[in-house]
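I have placed the structure first, in the form of structure tokens, so that the comments after it can refer back to it.
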Amino acid sequence: MGLRATKELLSGDVLFSEPPFAAVVFDSLADKICHSCFRRQDKLQRCGQCKFAQYCDKTCQSAGWKEHKLECGAIKAFGAIGDNFSKAPNENIRLAARIMWRLDKEGGVMSDMQMTSLDDLENHISDMPEDDLKELKVDIHNFLDYWPRNSKQHRVDDISHIFGVINCNGFTVSDQRGLNAVGVGLFPNLCLVNHDCWPNCTVILNHGNQSAVNTVYHSQMRIELRALGKIEPGEEVTVSYVDFLNVTEDRQRQLKMHYFFDCTCEHCKGHIKDDLKMGGKEVDGVKVPEEQVKEVTEYSLQMLQKMDKARLEGNYHEVIKICRECMEKQEPVLADTHIYQLRMWSTASEVSAYLQFIDEAADYARKMVDGYNKLYHPCNAHLGMATMRAGVTHWQAGKIEVGHGMICKAYAILQRTHGPTHPITKDLEAMRMQTEMELRMFRENEYIYKSMREAALKNQPMNMMNEPMAESVKNLFRRQKK
């Protein structure tokens with residue numbers, strides 16, 4: 001199965017938009033994310049019945065009641081009461097139940113715009129390794145305990161099919177910032193779009209609007225499939241299931257393990273850009289010896305594992321210490337496109353900003369974006385988001401010229417990948433206008449601009465950045481953690 005364009009499409013065009021057939025918040029974020037709009041909020045209101053579902057306010061609770069109504073009683077009966085979330089079914093079970101309830105009520109095809117039914121989607125159960133099959137059996141057993149006796153009963157084969165579809169087609173749902181994974185959903189039309197490591201389309205999540213008092217102005221959460229460039233009539237529409245920043249071997253291993261196919265795209269067949277991703281530094285035409293590159297690469301991998309451990313523990317000063325120690329050995333040896341060095345710069349930038357080492361964060365962010373520009377598609381959404389983050393960090397560091405340039409570049413990318421009405425693009429437009437005004441002031445009188453900026457910072461100290469998140473959005477579809 002696959003999709004092909006029926007007419008000429010240009011960069012930024014929306015091929016289709018699709019609301020979720022069903023979606024749920026991750027178990028680990030059940031008390032931090034609204035279960036209706038999937039926005040992250042400091043204060044949420046619990047459902048008065050099950051005590052598990054959380055909402056921004058009464059408006060979100062009312063908007064989510066249709067999906068939560070049957071779930072509410074089932075969760076309450078299952079034992080998720082008060083603060084005891086350990087007895088709540090996991091996200092795969094909750095998602096499977098929401099899908100089954102909707103199938104029972106409305107059938108497998110929701111509208112004329114839905115191009116496939118859930119029955120026609122691949123479940124790949126026959127391809128699953130033994131360990132995954134054992135987990136599937138446990139999920140089915142727990143599902144049967146969770147499924148209400150007064151709901152329509154289903155054959156185990158039908159339940160298994162839904163779990164298999166979720167396993168290989170569960171779409172990663174992001175928060176309103178678009179940076180962190182907060183849930184998983186099923187979008188049938190999206191499941192028809194095949195993979196290419198260098199795709200001609202991208203998928204973004206638009207959270208819609210459910211906060212307006214008048215429900216006439218409400219809009220659904222939905223995914224949008226957008227063209228990254230010109231697509232000719234008859235050309236296949238593709239997206240990337242995995243992050244292109246991985247080398248060919250790693251991408252192919254992920255695709256085979258998670259989606260059960262061998263990728264034969266041009267970038268995989270030609271191992272395109274792998275030499276940049278694992279390469280050594282070149283100074284005045286002289287390359288660093290391969291043995292030295294290999295040694296530092298192996299060292300970097302060990303340090304990345306240590307860094308990830310410290311990050312998960314919330315020990316951010318230790319994270320920065322590890323990054324600095326590793327980068328000191330990386331920078332004289334590895335290319336500025338080496339993926340292990342890019343990971344260090346990315347983490348160092350984010351954590352430095354959180355710890356208020358703003359100048360240091362800006363320097364790391366610039367190096368990261370310079371490397372990304374040499375690897376990613378020029379309209380890649382990850383590139384756009386990283387450039388936006390780097391631009392904001394430079395702006396905060398008082399480097400207004402570089403900051404404004406990066407924000408403008410990010411705005412141009414996100415106009416295509418997210419569209420002009422997406423909340424992230426609107427926020428970026430406001431930043432672009434603000435930095436443009438400040439840049440004009442800077443060029444007219446640098447001394448006055450810096451004096452005004454220092455006075456403003458003294459009167460209103462810079463707020464702490466959001467705590468770095470470990471669960472970032474990199475892959476299109478989500479696999480349940482082992």
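Looking only at atom types and distance, the side chain of Gln434 has a donor-acceptor partner in the side chain of Glu438 under 3.5 Å away. Side-chain contact check for Glu360 and Tyr364: at least one donor-acceptor pair (N or O, by modelled atom type) lies under 3.5 Å. Counted by atom type alone, Asn315 and Lys321 present zero donor-acceptor pairs between their side chains at under 3.5 Å. Glu236 and Asn194 are linked by a side-chain donor-acceptor pair at a separation below 3.5 angstrom, with hydrogens and angles left out of the test. Defined by atom type and a distance below 3.5 Å, a donor-acceptor pair is missing between the side-chain atoms of Glu350 and Trp345. With 3.5 Å as the limit, one finds no donor-acceptor pair spanning the side chains of Tyr241 and Asp196. Under the 3.5 Å distance criterion, with hydrogens and angles disregarded, a donor-acceptor pair is assigned to the side chains of Thr248 and Asp274. No side-chain donor-acceptor contact under 3.5 Å links Gln330 and Tyr340.
Aromatic pair Tyr354/Tyr316: ring centres closer than 6.0 Å.
Stacking of Lys256 on the aromatic ring of Phe261 is not recorded, the 6.0 Å distance cut-off and the 45° axial limit not both being met.
Note: Trp198 and Phe244 have perpendicular aromatic rings, judged against thresholds of 30 and 60 degrees for the angle between ring planes.
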Verdict with supporting geometry, Asp363 and Arg366, salt bridge (charged side-chain N to carboxylate O under 4.0 Å, His left out):
CA-CA 5 Å; Asp363 184 49; Arg366 177 187 54 76; 2.9 Å; yes
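Considering Leu190, Leu15, Thr172 as possible partners of Val203, the one that fulfils the side chain to side chain contact (heavy atoms under 4.5 Å, CB included) test is Leu190.
Using a 4.0 Å cut-off between charged nitrogen and carboxylate oxygen, Arg94 and Asp27 count as a salt-bridge pair.
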